[in-house]
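Working notes, structure below.
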Amino acid sequence: MLSFLIRFVFISFLFSSAAVFSADNVSISTESSASNIAPQPISNSQLPEWFYRELTSIRKDVSVLDATGATKEQIQELKERIGKIEVRLEESQKYTEDKLIDQSARIGDIAESNTFSITLFAVIAGVLGTLIAVITIINSWKANREAVANAEKAASEKLDTWTKEKETDLTEKFNQKLAELSERHEKEFQIIRDNAEEQAFDNDINEAYVLAGKDRIDDAMSRINNVMRRVENSDLSKHQRVHAKALYYKGLIYYVDNQFENEIKAYDDLVNRFKDTQKPDIQGLVVRALINKGATLGQLNRLDEAVIIIDSLLERFKDSAEADIQVLLANALINKGVMLEKLNRLDEAVIIIDSLLKRFKDSTEMDIQVLLANALVNKGAILGKLGRPDEEVAVYDYLLEKFKGSKELELQEQVAKALYNKGSTLSQLHCLEEAVEVYSALLERFKDSAEAVIQEQVAKALMNKGVVLGQLNCLEEAIEVYSKLFERFMGSDEVTTQEHVAKALINKGVMLGKLNRSEEAVAVYDLLFEGFKDCREIALQVLIAQALINKGVRLGQMNCPEDEILVYDKLLERFKESDDLGLQALATTALMNKGVKLKQLNRLEEAIVVYDSLLDRFKNSDAAAIQELIATVFIDKGFTLGKLNRFKEAIAMYDALLERFKDNEEAVIQRQVVTALCNKAELVIAVNSKEQATKAIQEAIIFTKGGYKLHRAILEILNFMVEESTVGDVFRSIENIPEGEVLVWGFDDIRSLIEKLESPQKEQVEAFVRFFEDHHDKVKLKEELDQIPHI
């Protein structure tokens with residue numbers, strides 16, 4: 001290849017600047033010296049036009065290749081072009097040689113012509129000069145021939161000498177240039193080889209992380225460790241970067257596999273090995289490793305350690321001017337604020353966020369701007385937790401003003417969050433009209449957005465706007481908002497958004513129920529069920545169950561008890577195998593409602609069967625909500641048994657409740673315990689001796705000494721019936737009932753016993769019964785008691 005290039009440059013130089021001979025330019029001299037014969041320049045018109053075109057093109061290409069470096073393909077192409085030119089130049093050389101021969105012949109013709117002229121002159125001169133003329137002609141002819149030969153020889157020797165000089169000079173220059181080009185190409189090829197090696201390492205590392213995401217942890221770790229073995233002992237800069245990246249991703253892979261301690265160790269290895277590096281790319285990995293370590297420690301609830309890690313990171317890189325490092329430090333500050341918030345060090349968290357805002361307030365880096373917006377949202381939320389809602393709203397307003405004109409998606413997401421949070425805070429402050437305005441502003445601003453994060457804020461805003469409108473008793477407007485939410489997001493695949501849609505339908509059904517549009521409410525619940533019946537997400541399953549409960553209640557209010565019972569059965573069949581506590585609680589509610597409805601239909605035996613199935617199904621549950629329902633079931637079953645005159649079984653049911661829940665401190669369950677005690681005392685009066693009745697009443701009275709004034713009044717009535725207290729004691733206990741508190745209490749179980757009492761005790765007890773069963777009027781009760789004659 002090099003020989004072709006040398007010959008090409010030599011020939012091109014020769015034809016463009018050298019001198020060659022043409023027969024038309026040869027000077028004829030009779031002198032023997034050839035020193036005056038020199039090459040004459042060849043004009044452009046004497047060389048072929050194709051040669052100049054090719055020469056110009058190739059010179060241009062050589063110049064470009066000299067500047068950029070040649071590939072094998074480009075050198076091969078140049079070689080082929082030079083080869084073609086050589087062929088054509090050989091043809092031109094042959095043609096030139098033929099022309100030289102022809103010119104030599106012409107020189108001979110000229111000599112012969114001169115000989116002829118001399119001969120003619122000799123004839124004219126006379127016979128006497130014949131001999132001299134002949135001799136002269138011969139000498140002249142020889143001289144001419146010798147002159148031509150000498151001229152040709154001298155020209156040839158001169159041309160050979162000049163050509164060799166030029167060839168040597170050009171060869172040296174070309175070799176020098178070629179050496180420079182070769183050196184440059186070798187450096188470039190080395191860079192390419194280095195880049196290819198680094199890219200191969202990067203591909204292995206990235207592939208390892210992908211494998212980890214597919215739960216192929218062993219394969220992923222094998223690939224990472226293989227990379228580390230190949231570079232860990234190398235001091236080359238490129239291998240140092242690869243080693244740092246491999247350690248960082250090793251930590252990430254451990255995180256994916258929930259091997260948090262190993263993850264932390266990998267980050268520690270990275271930090272310890274490269275803690276003194278000044279290379280920005282490796283520094284960035286060190287910072288990321290420390291941030292991730294802090295986040296993992298926080299996840300492990302080792303929050304104090306996490307804060308220490310972040311503080312060390314901030315101190316170590318506080319003076320870094322690298323833009324990427326600055327972004328990472330901003331992230332670290334935000335993480336520290338989150339950790340402090342989890343530690344309930346909320347004031348410190350606010351200070352950290354303020355330091356972040358102050359440190360980067362003048363930054364124009366978009367990544368920093370996004371972090372600042374995120375920090376402002378976090379600050380607002382923390383101020384809300386601190387009970388400083390006015391400051392919280394002010395923070396959101398500052399954010400909205402600062403970024404109101406931004407078109408960046410990530411900033412728009414924070415703007416949407418700020419608007420939503422502001423609306424929620426105003427709602428909590430009972431500034432309901434203002435809250436509606438803020439939600440409306442959010443909906444108007446982002447009505448055309450298709451971004452998932454923003455869409456979530458839109459869905460939440462629609463939900464909250466509907467709730468607030470309901471609180472303002474703007475039921476029709478609330479229904480319209482819920483309808484918009486349903487229409488806009490029913491097709492969403494996002495589980496969170498689907499939850500909002502389902503909640504909106506439930507709320508819409510409730511609003512329609514309040515407007516006595518029961519059939520429409522039932523249709524909405526059916527729409528929810530059909531839309532989400534195939535969903536398997538627990539949150540949506542819970543909402544489906546809630547919709548069925550609401551539908552059953554609504555059917556009961558529409559006086560469709562059989563349809564109501566069918567709905568409860570549908571719910572119980574669908575969720576009978578679920579272990580989710582929320583669904584279990586709704587199943588107990590369905591069973592309770594079914595039992596109550598059967599009791600209302602006087603299908604008491606069926607009601608007891610339902611209660612028994614409920615108790616059997618959830619007897620071992622420790623969930624608070626289910627425990628409350630089970631306590632209620634004990635009460636209802638006991639009451640139903642009482643109505644069936646199965647008093648002893650009813651008393652046994654109340655005893656079972658007392659045994660199970662007597663030590664339970666939950667207020668709702670404690671109230672059920674008191675109710676059970678009162679019911680038991682009432683039944684004991686009906687079926688047992690006075691002594692046993694008195695004991696049961698006193699047991700209940702002792703339990704109610706700390707409160708429960710309504711139940712205490714009931715117990716005083718029972719105590720009066722067994723003659724252990726006076727009318728005055730009963731009336732005083734009723735007077736102690738706080739105003740506004742009402743307890744509807746029936747005395748069916750002891751109605752026959754009351755009828756057997758003697759006057760005036762009978763009339764006095766009947767007056768007390770009317771107070772609880774009918775009017776709840778203390779003044780009226782006193783008037784009735786005053787009208788009863790005393791014995």
With a sphere of 6.0 Å drawn around [atom1] of [X], does it hold more than 12 non-hydrogen atoms of other residues, nucleotides or ligands?
{"X": "Arg671", "atom1": "CZ", "answer": "no"}
{"X": "Glu605", "atom1": "CD", "answer": "yes"}
{"X": "Glu666", "atom1": "CD", "answer": "no"}
{"X": "Glu494", "atom1": "CD", "answer": "no"}
{"X": "Lys782", "atom1": "NZ", "answer": "no"}
{"X": "Glu476", "atom1": "CD", "answer": "yes"}
{"X": "Gln600", "atom1": "CD", "answer": "yes"}

With a 4.0 Å cut-off, would you call [X] and [Y] a salt bridge?
{"X": "Glu487", "Y": "Lys484", "answer": "no"}
{"X": "Asp569", "Y": "Lys594", "answer": "yes"}
{"X": "Glu783", "Y": "Arg770", "answer": "no"}
{"X": "Asp612", "Y": "Lys637", "answer": "yes"}

Ignoring hydrogens and geometry beyond distance, is a side-chain donor-acceptor pair present between [X] and [Y] at under 3.5 Å?
{"X": "Lys695", "Y": "Gln698", "answer": "no"}
{"X": "Thr425", "Y": "Glu392", "answer": "yes"}
{"X": "Asp729", "Y": "Thr726", "answer": "yes"}

Is the cationic atom of Lys570 (NZ for Lys, CZ for Arg) positioned less than 6.0 Å from the six-membered ring centroid of Phe529 and within 45 degrees of its normal?
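Yes, Lys570 and Phe529 form such a contact.
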I'd like to check Leu543 versus Leu505 (side-chain heavy atoms, cut-off strictly below 4.5 Å). Are they in contact?
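No. Closest side-chain heavy atoms not under 4.5 Å.
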Side-chain contact, heavy-atom cut-off 4.5 Å: Phe634 with Phe661?
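Yes, close enough: below the 4.5 Å cut-off.
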For the pair Tyr439 and Tyr420, name the ring-plane relationship: parallel under 30°, tilted 30 to 60°, perpendicular over 60°.
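Rings of Tyr439 and Tyr420: tilted, 30 to 60°.
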Between [X] and [Y], which heavy-atom pair has the shortest distance, and what is it?
{"X": "His500", "Y": "Ala459", "answer": "CD2-CB, 3.8 Å"}
{"X": "Gln584", "Y": "Ser578", "answer": "NE2-O, 3.6 Å"}
{"X": "Tyr568", "Y": "Gly552", "answer": "OH-C, 3.5 Å"}
{"X": "Arg488", "Y": "Phe446", "answer": "NH2-O, 3.4 Å"}

Check whether [X] reaches the backbone of [Y] with its side chain - one donor and one acceptor, N or O, closer than 3.5 Å.
{"X": "Arg574", "Y": "Lys533", "answer": "yes"}
{"X": "Gln498", "Y": "Ser492", "answer": "yes"}
{"X": "Ser725", "Y": "Glu716", "answer": "yes"}
{"X": "Lys514", "Y": "Asn473", "answer": "no"}

Per the side-chain contact (heavy atoms from CB on, under 4.5 Å) rule, which among Leu715, Val722, Ile717 passes with Asn719?
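So, applying the side-chain contact (heavy atoms from CB on, under 4.5 Å) to Asn719 and each of Leu715, Val722, Ile717, only Val722 qualifies.
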Would you sort out whether Glu699 and Lys662 count as a salt bridge (charged side-chain N to carboxylate O under 4.0 Å, His left out), showing the intermediate values?
CA-CA 12 Å; Glu699 179 185 2; Lys662 62 183 179 181; over 6 Å; no
